[in-house]
Amino acid sequence: MNNYTNILEDCIKIANERQASYGESSSSLQKTCDILRVAFNIELTTPELALVLVALKLSREKNQHKDDNIKDCINYLAIYLHTYEKHKQ
């Protein structure tokens, strides 16, 4: 079993790779919120959307365990904290 700091290091590596591929997460989440508002009249803040993505990963984990589900959850929670701080300013 991995030491939990190794797991966190994996999460950081994944976050850095995703950011290099897709850009800054809060920008992507904001674009998604904008699409949801225009297409479906659903109003979500970026922190709320991050929590929706955590729920999605937990749903997948309940169906079948994969380390990726948990690591993505950890990263989505980090994104939540980041966007929450930005959102409340």
Side-chain angles (χ1 to χ4, degrees):
M1 174 142 188
N2 285 332
N3 178 311
Y4 80 92
T5 58
N6 293 342
I7 294 168
L8 294 174
E9 288 170 0
D10 286 347
C11 290
I12 292 168
K13 181 180 176 217
I14 291 165
N16 288 334
E17 289 170 356
R18 301 254 169 89
Q19 191 159 343
S21 295
Y22 304 115
E24 209 280 317
S25 60
S26 62
S27 174
S28 178
L29 286 179
Q30 185 57 57
K31 289 175 189 172
T32 304
C33 287
D34 294 343
I35 291 167
L36 288 170
R37 187 183 68 254
V38 171
F40 303 105
N41 198 30
I42 296 172
E43 293 281 342
L44 289 175
T45 64
T46 52
E48 290 170 336
L49 183 56
L51 292 178
V52 168
L53 295 172
V54 169
L56 172 66
K57 286 298 183 170
L58 291 174
S59 172
R60 289 180 180 173
E61 179 64 19
K62 184 171 177 6
N63 184 51
Q64 179 180 351
H65 170 73
K66 291 186 179 179
D67 287 350
D68 175 70
N69 292 329
I70 301 305
K71 291 175 184 176
D72 283 348
C73 252
I74 291 167
N75 282 336
Y76 285 133
L77 286 170
I79 291 167
Y80 166 78
L81 286 174
H82 173 70
T83 57
Y84 179 81
E85 292 302 317
K86 286 175 70 173
H87 185 73
K88 71 178 199 179
Q89 292 177 358

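Residue numbers count from 1 along this sequence. Computed from a predicted structure; not experimentally measured.
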Around atom CG of N16, are there more than 12 heavy atoms of other residues, nucleotides or ligands at under 6.0 Å? yes

Under a 4.0 Å N-O cut-off, is there an ion pair linking D72 with K66? no

If two hydrophobic side chains count as joined below 4.5 Å and joins carry through other members, does I12 share a cluster with L81? no

What is the distance from atom OG of S21 to atom CD of Q19, rounded to the nearest 0.5 Å? 10.5 Å

Do L8 and L77 sit in the same hydrophobic cluster, where Ile, Leu, Val, Met, Phe, Trp and Tyr count as joined when their side-chain heavy atoms come under 4.5 Å apart? no

For the hydrophobic clusters of this structure (ILVMFWY residues joined by side-chain heavy atoms under 4.5 Å, transitively), does one cluster hold both I35 and L51? no

Quick check: do I79 and Y76 have side-chain heavy atoms less than 4.5 Å from each other? yes

Would you call D34 and R37 a salt bridge, using N to O less than 4.0 angstrom? yes

What pairs with E43 under salt bridge (Lys or Arg N to Asp or Glu O under 4.0 Å), at least two apart in sequence or on another chain? none

Could you give me the CA-CA distance, side-chain angles and deciding distance for E9 and K13, then say whether salt bridge (Lys or Arg N to Asp or Glu O under 4.0 Å) is met? CA-CA 6 Å; E9 288 170 0; K13 181 180 176 217; over 6 Å; no

Rounded distance (nearest 0.5 Å) linking atom NZ of K71 with atom CD1 of I14: 5.5 Å

For the pair E61 and K57, evaluate side chain to side chain contact (heavy atoms under 4.5 Å, CB included) and give the outcome as yes or no after the intermediate values. CA-CA 6 Å; E61 179 64 19; K57 286 298 183 170; over 6 Å; no

So how far is it from C11 SG to N75 CG, rounded to the nearest 0.5 Å? 4.5 Å

Can you tell me how far OG1 of T83 sits from CG of L49, rounded to the nearest 0.5 angstrom? 8.5 Å

H65 vs D67, test: side-chain hydrogen bond (donor to acceptor under 3.5 Å, both in side chains). Steps then yes/no. CA-CA 7 Å; H65 170 73; D67 287 350; 3.0 Å; yes

Backbone of K62 reached by a side-chain donor or acceptor of N69 within 3.5 Å: no

On a heavy-atom basis, the closest approach of S26 and H82 is OG-NE2, 4.2 Å

Report the C-alpha distance between I7 and I74 in whole Å, list the side-chain angles of each, state the deciding distance to 0.1 Å, and finish with yes or no for side chain to side chain contact (heavy atoms under 4.5 Å, CB included). CA-CA 10 Å; I7 294 168; I74 291 167; 4.2 Å; yes

Looking only at heavy atoms, the pair that brings C73 and V54 closest together is SG-O, 3.7 Å

Spell out, yes or no, whether I70 and Y4 are grouped together once hydrophobic residues are joined by side-chain heavy atoms under 4.5 Å, including indirect joins. yes

Minimum heavy-atom separation for L29 to L53, with atom names? CD2-CD1, 3.8 Å

